Every structure is written in structure tokens, then in C-alpha cells.
Amino acid sequence: MIKLIEVTKTYSRPEPALNNVSFHLERGQFCFLTGHSGSGKSTALRLAHMVERPSTGEVRVSGFSSARTSRREVWKLRRRVGFVFQDFRLLPGRTALENVAFALEVTGTARKDIAPRAQRLLGQVGLAAKASAAVRELSGGEQQRVAIARALASEPLLLLADEPTGNLDDRATRGIMKLFWEVNALGMAVLMATHDLELVRQYPKARVLELDQGRLVYDSADSTGTGEGSGG
């Protein structure tokens, strides 16, 4: 599903954001990507989404390779990979339904199917009753649920999440994590970056990868023999 092969990513500063990182995330796994701020978590997710390319090494995601996939072909990868951000990145002047509908339009859904599919997706994340609410009227947890519904619009095989609970209170965090485990139980792989180690400890069945100063320093699959995520 995701494979990083001796990946290094450098920017303008002397130290690389990622330094010779290799790991393989299997289909259907739930994996936390942990580490302090600046450890390389967001860089790893951007590489997995092919927003950026490695300086050296190779990234393979759902049959696409950073070495062979042209920038004009990246949209095909995005059909298979959903992305959830810490700051939601919703369209502020639109309703919850319109935000999800926009994602369906972009993925080429037939016009007659957009509204009912958007409504079903909002129902999947527990927001059917808030479909007509403006985004600005929703709580942070509700906005993140809309963002998850939008990420699921293309029925991806993989969901990437960059600190998705970082701006949420404990109750909203529990709700968002429940959603992630539900989609994972349906067979979707989840790679979630977080610096919240207490949150990670609450889900012992998840695989854990830890980055430190751009290096992969821990992989729970190596120490337990399994990284399969099947519930929480």
C-alpha cells in the first residue's frame, strides 16, 4: 500500500527532513506515525500523497511510484488516497453538504449522484442532520467529520491524516478516532501522524512508527511481529 525505500528528503536547511527512511505499510493496516515537531511526520505524508518527491530513494503508493509517475498522472493516485488535515481545509462559505459534493464533483461523479452520495457520506460520519449547516456554524469536531467525509468521497484504499485531532478536545478526539477505526475495519489502510503519545497508547492494536530528526527509530511491527490494525 505504501512503501518508502531508503527515502531522503532535503530542503534548504542542512539537515534532511527525512534521512534514509524505509518502511512498508500493508493494505488494511492502521498505523500511527509519531515523533516530536520537526521529526519528519508531515514530510512523510506529503511524500506518500506525492505532493512532493523524495530527494533520493523511492516512494511507492497503491501501484504508483515516485520514480515513474509524472505530475500529470498524480490525480490518478489521489483517487485512491484520501487526506485529512489538522486545520480541516474546508470551503468556509459553503455548507457541509456542499463541501462533500465539491469533492465528488472533482472526482467525476455523475451529477445526479452527487447530492445523494454526499448525504450518505455525511451520514457515515454522523452528520446527516447537519448537511445544510454552514461550515462556520459547526464545532471543530464536526468540521473534522466533514473533512473525513470529503476524504472518503473517492472511496480510497488509503487514508492519510496529519495531526487530525490536534485542534480538538478529548470528546471530539474520541469521536474522530472511532471513525478512523470504523473505516479501517472496512479494509481501508490508515496512516495517521500524531505527536500525542497518550492517544497512541489507547490503541495498542495499531502499528506505531516513530521518527526522530528525520530518521525512523522505532517500528512496533519489528518488536511484536505484527502491525495489523483490526479494531480499537
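Treat the numbers as computed from the prediction; the structure is a model and nothing was measured.
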Chi angles and distances behind the salt bridge (charged side-chain N to carboxylate O under 4.0 Å, His left out) call for E26, R207: CA-CA 11 Å; E26 299 282 358; R207 181 179 175 187; over 6 Å; no
Which atom of L90 lies closest to which atom of V135, heavy atoms considered: CD1-CG1, 3.8 Å
Return the set of residues passing side-chain contact (heavy atoms from CB on, under 4.5 Å) with V74 (not counting sequence neighbours), or none when no residue passes. M50, R53, T69, R78
Of all residues at least two apart in sequence or in a different chain, which pass the side-chain hydrogen bond (donor to acceptor under 3.5 Å, both in side chains) check with E210? none
Considering all heavy atoms, the nearest T173-T165 contact: OG1-CB, 3.6 Å
Nearest heavy-atom contact between F85 and Q144 is O-NE2, 2.9 Å
If two hydrophobic side chains count as joined below 4.5 Å and joins carry through other members, does V183 share a cluster with L158? no
As a test of understanding, state which of V81, V190, L33 forms a side chain to side chain contact (heavy atoms under 4.5 Å, CB included) with L160. V81
Is it the case that the side chain of N99 and the backbone of T95 share a donor-acceptor pair, with hydrogens and angles ignored and the cut-off at 3.5 Å? yes
Near E52 CD, under 6.0 Å, is it more than 12 heavy atoms from other residues, nucleotides or ligands? yes
What are the two closest heavy atoms between V61 and A48, and how far apart are they? CG2-O, 3.3 Å
Can you give the donor-acceptor pairs under 3.5 Å from side chains of residues 147-155 to other protein atoms, not counting sequence neighbours?
{"unit_1": "R150", "atom_1": "NH1", "unit_2": "R89", "atom_2": "O", "d": "2.6"}
{"unit_1": "R150", "atom_1": "NH2", "unit_2": "F88", "atom_2": "O", "d": "2.8"}
{"unit_1": "S154", "atom_1": "OG", "unit_2": "R79", "atom_2": "O", "d": "3.1"}

Other residues, nucleotides, ligands: >12 heavy atoms within 6.0 Å of E73 CD: yes
Compute both the distance and the angle, then confirm whether K205 meets the cation-pi test with Y203: under 6.0 Å from the six-membered ring centre, within 45 degrees of the axis. no
P156 and R80, any side-chain heavy atoms less than 4.5 Å apart: no
Is any side-chain heavy atom of L4 closer than 4.5 Å to one of S22? no
Members sharing L91's hydrophobic cluster, built from side-chain contacts under 4.5 Å between Ile, Leu, Val, Met, Phe, Trp and Tyr, are F102, V106
Salt bridge or not for E142 and R145, using N-O below 4.0 Å? no
Who are the ring-ring contact (aromatic ring centres under 6.0 Å, His included) partners of F180, not counting sequence neighbours? none
Are more than 12 heavy atoms from other residues, nucleotides or ligands located less than 6.0 Å from atom CG of D170? no
I need the minimum non-hydrogen distance between M1 and H24, along with the two atoms involved. N-NE2, 4.0 Å
Using the side-chain hydrogen bond (donor to acceptor under 3.5 Å, both in side chains) criterion, which residues pair with D162? Sequence neighbours excluded. S42
How close do A189 and L25 get, heavy atom to heavy atom, and via which atoms? CB-CD2, 4.5 Å
Do the side chains of M192 and M177 get nearer than 4.5 Å, heavy atoms only? yes
Go through the steps to decide whether D219 and V208 satisfy the test side chain to side chain contact (heavy atoms under 4.5 Å, CB included), and finish with yes or no. CA-CA 6 Å; D219 182 350; V208 180; over 6 Å; no
Return yes if some donor-acceptor pair links the side-chain N/O of N167 with the main-chain N/O of Q86 below 3.5 Å, else return no. yes
